[in-house]
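In what follows, every heavy atom counts, from backbone to side chain, and hydrogens, waters and symmetry copies are set aside. Naming: A, B, ... by sequence-line order, numbering from 1 per chain.
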Amino acid sequence: MTAPMPATSPIRLHKALTRIWATGPGWQRLAAVNHSVVGIRFMVTAAVFFAIGGMLAMLIRAQLATPGSAFLGPEIYNQIFTMHGTIMMFLFAIPMLEGLALYMLPKMLGARDLAFPRLSAYGYWCYLFGGMILIGALVAGVAPQSGWFMYTPLSSDVYSPGINADVWLLGVTFVEISALTMAVELTVSILKLRAPGMTLARMPIFAWYILVTALMMVVGFPPLILGSILLEMERAFGLPFFDPERGGDPLLWQHLFWLFGHPEVYIIFLPAAGALSTMIPTFAQRPLVGYRAVVASIIVMAFLSFGIWVHHMFTTGIPHLALAFFSLGSALVAVPTAVQMFAWLATLAHGRPRWDVPMLYIFGFIAVFVCGGLTGVMLAMVPFNWQAHDSYFVVAHFHYVLVGGFVFPMLAALYYWMPHVTGRLSVHRLSVPAFWMIFAGFNVTFLTMHLTGLLGMPRRVYTYLGHEGWTGLNLLSSVGSFVLTMGFALIAADIFLQRRFAPRFRRDPWRAGTLEWATPTPPAAYGFASLPRIDVRADSLSPFDIGQQLAAGEGYLGMARNGWQETLGVDITTAEPDQIVILPRPTYLPLILALVTGVAVLSMLFKVYVLAILAAIAVAGLFVWGARSSGQPVDHGPLPIGHGLSAPPHPEAATSPPVLAMGVTLIADGAFFTSLIFGVIYLWLVAPNWPPPEVIEAGLALPLIVAAGLVAGPIAARGAAAALRGKGSVMPWLSAQAVALLTTLAALVWLIAVALPDPQTHGYAAASFALLAYVCLHLGIAGLFVISNANRLRSGHIAPRRDHDLRLTRAWQDFTALSGLIAVGFVVILPWLVTG
Amino acid sequence: MIAGSTALFALMVGLFALVIWRPHWAAQVSGRSWIIWGGLVLPALVLPPLVVVSLIAGERLMPSDAVPRIEAEARQWHWTFRYPDHGGAETEGILHLPSGQPVDIVITSLDVIHSFWVPRLAGKMDAVPGRVNVLRVMAGAPGPLEGLCAEFCGLDHTTMRFDVQVHDPEGFAAALTTPVFAPPP
């Protein structure tokens with residue numbers, strides 16, 4: 001091992017680090033895993049999808065401008081409004097905030113990259129390919145057409161034959177893989193990869209917003225993914241989860257969808273609010289007022305947002321008192337929102353406000369979002385909701401919330417952080433007229449729609465007759481929407497011109513107080529040449545001075561060692577460095593993995609299930625193969641990190657990023673399983689045509705074998721870990737684990753094939769099948785862990801001091817045993833208890 | 001509600017303008033006061049009365065006593081109305097209502113989810129396959145109204161409208177016995 005290279009000059013350090021961190025030219029760009037590169041890709045791709053979604057909106061407004069228009073027929077119109085919503089929610093808003101967080105977080109937290117760069121890249125490719133499937137379907141005229149929330153039974157195989165709905169279910173699920181990877185990535189990175197000394201209470205407020213958002217994504221997306229899988233299983237294989245004739249329930253879909261869909265609104269809003277909480281102090285020229293109150297309000301908001309999904313379902317016939325509960329919850333969300341609003345106002349009041357283009361958009365945000373919030377409180381009131389639900393009033397409301405709460409802050413953020421990406425200052429010749437066109441165009445379009453809706457115009461009609469009194473208002477909305485579009489075109493031109501011609505600057509042009517401005521601009525691949533120590537709240541720093549010191553290598557890790565991409569991992573609470581996280585170099589693996597995943601998705605879309613299974617096996621194989629050389633093959637012990645401190649490489653640390661990531665993944669998996677159990681209980685209690693005609697005839701032996709096998713897995717996993725620590729033989733334990741897994745799997749397959757009634761006959765059988773299949777999948781993944789462990793044990797990547805693989809395996813086995821026992825209990829014991 | 005919202009909207013935009021142009025005045029209020037008064041006290045004054053009033057208003061709309069029932073059955077993309085109190089009369093695409101008399105509309109669906117809505121009469125209620133939902137309505141003066149499907153239900157959702165004819169009591173009975181409105185053969 002080579003000694004750390006002395007950093008004699010900033011230039012030499014820059015060159016040495018760039019050699020290690022840079023993404024190669026030409027085709028090697030496809031191997032990029034760097035957070036700046038992947039973050040910008042996310043944001044640019046999301047902007048392209050925003051433009052496509054905007055074009056679709058223009059078509060909608062052109063069609064509705066006059067009554068009885070023959071411009072678009074209902075077949076096309078239904079595809080267009082479905083895709084407008086789908087694109088804006090899944091392909092624009094979520095990926096845009098992920099890209100922003102990806103790009104910004106390491107720089108704000110004083111780290112060189114995120115914890116799992118290959119996962120980021122894989123997430124990006126999944127997003128891109130999933131989006132391309134959806135856009136491809138639109139071009140081919142087979143886009144989804146059941147509305148962006150895909151209510152069953154309209155979206156079932158009976159009422160939506162053809163692949164349109166499958167495109168939505170599979171394409172969006174493909175994109176959601178990327179959302180989940182990002183959620184794990186961001187949570188772990190914020191908890192673990194910070195500058196030394198930056199405790200959670202000293203983090204810049206943006207990191208708090210993203211931490212809460214990421215955790216919301218961890219629990220919020222699984223219900224949607226579950227719903228999509230169940231609906232696809234109903235469409236493809238006739239399992240009646242949502243068919244009332246056979247013991248399913250269409251409202252189950254609505255519950256699962258809005259269980260995701262409501263938190264989704266806050267998942268979109270919170271990062272935008274985080275950007276506001278970062279920009280407003282800069283322009284007020286003082287740190288944020290009420291930092292702790294804001295953190296508390298974010299957390300309260302996250303909890304509330306999971307308790308109010310039913311307010312999308314006020315007209316489905318749910319008892320009024322139950323509605324009152326959700327109505328109250330929905331109104332309560334106004335409290336944490338108001339706390340943040342007034343914290344921003346107080347920050348401005350106590351500072352010396354400076355006016356600039358981002359402030360113009362912040363004004364736009366306040367005006368538009370407050371309006372959307374107020375109509376939101378109105379809609380939370382049940383009697384008003386019954387009148388306004390599914391009318392253009394609701395369309396106006398959620399555009400005020402989403403455009404006000406996301407697009408305006410993102411445009412402010414664009415003008416604020418664009419100089420960081422390009423290294424060029426903002427100039428304002430086009431920015432100001434562009435803002436006023438967007439602001440005026442938006443309000444003309446959507447303020448009008450409140451009235452159109454109150455006059456009784458429902459959503460999603462492709463035309464109207466002309467005598468209803470909606471004609472003038474619709475024309476006005478259409479005119480406004482074209483002004484709005486021209487405003488966006490002006491912004492595109494503005495961005496292009498600034499990128500080409502604006503003057504360069506050296507560092508921190510806004511005199512901001514956060515660390516991202518201490519990096520070189522445009523940012524170097526390695527971010528910081530050395531890492532700072534942060535002893536104060538990280539939104540009142542002077543990035544200009546810190547930047548110079550860090551570039552000179554005066555911080556931690558100001559060296560190039562072994563060609564490693566190093567960054568520091570800190571203790572979650574004390575923020576003292578406890579490991580050197582060694583990150584992976586650029587690789588084509590994420591691209592290949594996403595391509596094979598795409599093959600699996602496309603084969604399911606075209607119902608070539610043999611190929612889908614082969615591709616899924618290939619994905620599993622690639623995961624095992626990709627992990628073969630992760631970590632280190634030898635022990636290094638503590639290595640110097642500068643300033644007299646030392647820390648071991650992460651494979652030798654107590655809590656490494658992979659261990660945390662497994663915890664976060666299991667939370668997501670637990671949310672998925674809880675949603676499934678919720679679905680099963682819901683069907684038992686509420687669905688029509690219950691109880692089922694026949695239930696499982698399991699006997700005693702098979703369930704006992706399954707239960708014993710489920711318990712044996714974690715025992716064997718513990719045995720393996722103990723053997724590794726005691727320097728005994730690990731392989732026999734791995735073999736025992738494999739035997740336990742295979743026996744359990746065989747017993748479960750037997751249970752499904754022989755004891756369970758045909759899953760196509762009734763919701764009960766279908767739900768039981770889903771539960772058992774869930775356990776089988778987990779056993780299969782546990783098998784992958786065993787294979788990987790055997791492989792990495794042989795190559796020396798698992799050793800007594802580097803035992804993370806076995807800890808991950810144990811966690812997975814514990815979860816599998818717990819969820820498996822509950823699932824089998826639900827399948828075998830519940831019918832027996834209920835039917836006697 | 002509209003007036004209250006306008007006032008709150010004016011308050012927020014006004015405060016924003018104030019802190020930008022007259023920060024000295026606004027700085028006299030401490031940061032903590034800003035957050036407590038604006039973030040906690042203001043919503044505490046506005047929200048509870050609103051929730052209570054709407055809960056009471058909602059309860060009033062709830063069917064409790066027995067009133068005449070009319071069945072509304074939705075299917076892609078038509079409405080069928082049946083009048084059990086009038087010898088099982090059935091009308092297609094037109095709903096007859098008595099004026100000044102509360103009626104429960106019993107809403108069902110034969111295929112996908114639809115939603116029964118007569119904007120000038122009352123709120124909407126979904127027609128969910130496998131379920132029976134009830135909406136209490138009371139029509140005013142006799143005359144024609146328009147109703148429509150408010151939940152997107154596929155290709156011809158747009159044209160899934162129906163006419164509503166409100167009659168005085170005698171006219172109502174007569175309308176349902178006139179053979180013109182008998183179910184089509």
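Heavy-atom distances place the backbone of B:Ala122, and not its side chain, under 4.5 Å from chain A. Heavy atoms closer than 4.5 Å to chain B are found in both the backbone and the side chain of A:Tyr464. Of the two parts of B:Leu42, only the side chain, counted from C-beta on, holds a non-hydrogen atom closer than 4.5 Å to a non-hydrogen atom of chain A. In this structure, the portions of A:Arg460 lying under 4.5 Å from any heavy atom of chain B include both its backbone and its side chain. Proximity to chain B (any heavy atom under 4.5 Å) is shown, for A:Val686, by both the backbone and the side chain. At a 4.5 Å heavy-atom cutoff, the contact between A:Leu251 and chain B is made by side-chain atoms alone. Within the 4.5 angstrom heavy-atom criterion, only backbone atoms of B:Val29 (N, CA, C, O) approach chain A. Neither the backbone nor the side chain of A:Gln79 comes within contact range of chain B, judged by heavy atoms closer than 4.5 Å. Heavy atoms closer than 4.5 Å to chain A are found in the side chain of B:Trp117, but not in its backbone. Within the 4.5 angstrom heavy-atom criterion, no atom of A:Asp243 approaches chain B. In this structure, chain A has no heavy atom under 4.5 Å from any part of B:Gln28. For A:Pro74, the parts sitting under 4.5 Å from any heavy atom of chain B are the backbone and the side chain alike. At a 4.5 Å heavy-atom cutoff, the contact between B:Val128 and chain A is made by side-chain atoms alone. For a residue to count as touching a neighbouring chain, one of its non-hydrogen atoms must lie under 4.5 Å from one of that chain's; by this rule A:Tyr77 does not touch chain B. Of the two parts of A:Ala388, only the backbone, made up of N, CA, C and O, holds a non-hydrogen atom closer than 4.5 Å to a non-hydrogen atom of chain B. There is no contact between A:Thr347 and chain B, counting heavy-atom distances below 4.5 Å. With a 4.5 angstrom heavy-atom cutoff, A:Phe369 does not touch chain B via any of its atoms. At a 4.5 Å heavy-atom cutoff, the contact between A:Tyr151 and chain B is made by side-chain atoms alone. Contacts of A:Val335 with chain B are made by both backbone and side-chain atoms, with heavy-atom separations under 4.5 Å. Of the two parts of A:Ala293, only the side chain, counted from C-beta on, holds a non-hydrogen atom closer than 4.5 Å to a non-hydrogen atom of chain B.
Residues B:Val13 and A:Phe363 come closest through the heavy atom pair CG1-CE1, 4.3 Å. Pairing each heavy atom of A:Pro383 with each of B:Gly58, the nearest pair is CG-N, 3.6 Å. Between A:His350 and B:Ser30, the closest heavy-atom pair is NE2-C, 3.7 Å. The two residues B:Gly31 and A:Ala346 have their closest heavy-atom pair at CA-CB, 4.2 Å. Residue B:Leu55 comes nearest to A:His320 through the heavy atom pair O-CE1, 3.4 Å, listed as atom of the first residue, atom of the second, then distance.
Chain A forms more heavy-atom pairs under 4.5 Å with one residue of B:Ser109, B:Pro43, B:Ser5 than with any other, namely B:Ser5. Between chain B and the options A:Leu328, A:Leu332, A:Asn78, A:Ile366, heavy-atom pairs under 4.5 Å are most frequent for A:Asn78. Note: A:Thr463 leads A:Val382, A:Thr375, A:Thr463 in heavy-atom pairs under 4.5 Å with chain B. The greatest number of non-hydrogen atom pairs below 4.5 Å with chain A, out of B:Met125, B:His157, B:Arg131, is found for B:Arg131. No other option in A:Pro153, A:Ser391, A:Ala687, A:Gly351 has as many heavy-atom pairs under 4.5 Å with chain B as A:Pro153. Chain A forms the most heavy-atom pairs under 4.5 Å with one residue out of B:Val53, B:Val51, B:Ile107, B:Asp156, and that residue is B:Val51. Contact count against chain B (heavy-atom pairs under 4.5 Å) is highest for A:Pro458 among A:Pro458, A:Pro688, A:Gly248, A:Gly73. Here A:Ser146 is the residue among A:Ser146, A:Ala334, A:Ser160 with the most heavy-atom pairs under 4.5 Å with chain B.
In this view, A:Trp690 and A:Trp684, A:His762 satisfy the ring-ring contact (aromatic ring centres under 6.0 Å, His included) rule, not counting sequence neighbours.
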Before you tell me yes or no, could you show the steps for B:Met12 and A:Leu345 under side-chain contact (heavy atoms from CB on, under 4.5 Å), namely the whole-Å CA-CA distance, both residues' side-chain angles and the distance that decides it to 0.1 Å?
CA-CA 9 Å; B:Met12 291 305 292; A:Leu345 288 176; 4.1 Å; yes
B:Leu47 vs A:Val377, test: side-chain contact (heavy atoms from CB on, under 4.5 Å). Steps then yes/no.
CA-CA 8 Å; B:Leu47 295 178; A:Val377 173; 3.9 Å; yes
Working for side-chain contact (heavy atoms from CB on, under 4.5 Å), residues A:Val289 and B:Trp34
CA-CA 9 Å; A:Val289 170; B:Trp34 271 98; over 6 Å; no
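The environment of B:Trp37 atom CH2 is sparse: at most 12 non-hydrogen atoms of other residues, nucleotides or ligands sit within 6.0 angstrom. Atom CZ of B:Arg69 has 12 or fewer neighbouring heavy atoms from other residues, nucleotides or ligands inside a 6.0 Å radius.
The structure places NE2 of B:His114 at 8.5 Å from CG of A:Leu154, a figure rounded to the nearest 0.5 Å. Here the CD-CG distance, from A:Gln145 to B:Leu155, works out to 8.0 Å after rounding to the nearest 0.5 Å. Atom CD1 of B:Ile113 is separated from atom OH of A:Tyr159 by 11.5 Å, given to the nearest 0.5 angstrom. The CG atom of B:Leu15 sits 11.0 Å away from atom CG of A:Leu348, with the distance rounded to the nearest 0.5 Å. Rounded to the nearest 0.5 Å, atoms CZ (A:Arg354) and CD1 (B:Ile20) are 12.0 Å apart. The line from CZ of B:Arg161 to CG of A:Leu465 is 4.5 Å long, rounded to the nearest 0.5 Å.
Residues A:Pro353 and B:Val19 form no side-chain contact, since every pair of their non-hydrogen atoms from C-beta on lies 4.5 Å or further apart. Contact of the B:Pro119 side chain with the A:Gln387 side chain is registered, since non-hydrogen atoms from C-beta on lie closer than 4.5 Å. Residues B:Leu40 and A:Val339 form a side-chain contact, since some pair of their non-hydrogen atoms from C-beta on lies under 4.5 Å apart.
Without hydrogens or angle criteria, B:Lys124 side chain to A:Thr315 main chain gives no donor-acceptor distance under 3.5 Å.
Ring planes of B:Phe152 and A:Phe81: perpendicular class, angle over 60° (limits at 30 and 60°).
Side chain to side chain, A:Thr316 and B:Asp126 fail the donor-acceptor criterion of an N or O pair below 3.5 Å.
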